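One structure below.
Note that the structure is predicted; figures quoted are calculated from it, not measured.
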Amino acid sequence: MAAPVADMAGTQLQWEFNCDLEVDYESEENASMVYAALAVDKELQPDKVKRQMEVSNGKLIVHFEAVEARFLRASFSAFVDVLTLATKTIEEFGQGMEL
């Protein structure tokens, strides 16, 4: 069960909605580049949505939790848009580039 969180009015919010995303980049380096690019973008409403990211075995693993389905959908959708851009950039320019 998710831990309750108090909102501005002092009522308890439950992190009832969650979603996991795993993207296999088949490379620790590429997964780490995407992680670094996306980690700087914090959630706009951290009191309503939480996002946790990690890189493991060449995979980017992301866990979302939200107090309402609409916040989860909006956060996930925006994240996937930026993730897609970062992934396409690496596909286009990442091969053989030195960091």
Side-chain angles (χ1 to χ4, degrees):
M1 185 71 169
V5 174
D7 70 2
M8 297 290 234
T11 59
Q12 295 293 311
L13 299 175
Q14 293 288 330
W15 299 95
E16 292 183 46
F17 301 90
N18 62 71
C19 179
D20 293 307
L21 173 67
E22 186 175 294
V23 182
D24 189 355
Y25 287 96
E26 300 178 353
S27 158
E28 197 80 11
E29 181 182 18
N30 287 349
S32 294
M33 279 194 284
V34 173
Y35 175 92
L38 300 177
V40 297
D41 288 333
K42 303 302 179 199
E43 287 297 330
L44 296 177
Q45 297 183 348
D47 58 323
K48 295 182 175 75
V49 179
K50 293 191 287 188
R51 180 181 71 218
Q52 298 157 334
M53 295 192 306
E54 67 178 278
V55 172
S56 177
N57 298 322
K59 297 178 182 177
L60 177 67
I61 302 165
V62 188
H63 177 74
F64 294 86
E65 292 182 6
V67 296
E68 293 181 30
R70 65 188 176 119
F71 293 121
L72 179 61
R73 182 206 53 79
S75 178
F76 185 85
S77 178
F79 182 83
V80 169
D81 287 346
V82 179
L83 174 71
T84 301
L85 176 63
T87 302
K88 287 182 178 181
T89 300
I90 287 176
E91 288 173 350
E92 184 71 24
F93 302 107
Q95 298 299 328
M97 287 185 61
E98 297 223 4
L99 298 177

Please report the closest heavy-atom contact between [X] and [Y], naming both atoms and the distance.
X: Ala31; Y: Leu60; value: CB-N, 4.3 Å
X: Cys19; Y: Phe76; value: SG-CE1, 3.7 Å
X: Pro46; Y: Trp15; value: O-CH2, 3.7 Å
X: Asn30; Y: Ser27; value: N-OG, 3.1 Å

Do the ring centers of Phe64 and Phe79 come within less than 6.0 Å of each other?
->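 Yes: the rings meet the under 6.0 Å criterion.
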
Linking I/L/V/M/F/W/Y whenever their side-chain heavy atoms sit closer than 4.5 Å, directly or via other members, would Leu44 and Val80 fall into one cluster?
-> no

Flag the pair [X] / [Y] as yes when at least one side-chain heavy-atom distance between them is below 4.5 Å, and no otherwise.
X: Ile61; Y: Met53; answer: no
X: Thr87; Y: Leu85; answer: no
X: Val82; Y: Asp41; answer: yes
X: Leu72; Y: Val49; answer: no
X: Lys59; Y: Tyr25; answer: no
X: Val67; Y: Glu16; answer: no

[atom2] on [Y] to [atom1] on [X], rounded to 0.5 Å:
X: Lys50; Y: Glu65; atom1: NZ; atom2: CD; result: 4.5 Å
X: Glu68; Y: Arg73; atom1: CD; atom2: CZ; result: 12.0 Å
X: Asp47; Y: Phe71; atom1: CG; atom2: CZ; result: 8.0 Å

Are any side-chain N or O atoms of Glu28 and backbone N or O atoms of Gly58, one a donor and one an acceptor, separated by less than 3.5 Å?
->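 Yes; at least one donor-acceptor contact below 3.5 Å.
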
Applying side chain to side chain donor-acceptor pair (under 3.5 Å), name anything that partners Glu43, two or more places apart in sequence or on another chain.
->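 Only Arg51, Ser75 meet the side chain to side chain donor-acceptor pair (under 3.5 Å) criterion with Glu43.
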
Taking everything shown except Asn57 itself, do over 12 heavy atoms lie less than 6.0 Å from its CG?
->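 Atom CG in Asn57 is not packed in, count stays at 12 or less.
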
I would like to know whether Val34 and Ile90 meet side-chain contact (heavy atoms from CB on, under 4.5 Å); could you show each step before the answer?
-> CA-CA 8 Å; Val34 173; Ile90 287 176; 3.3 Å; yes

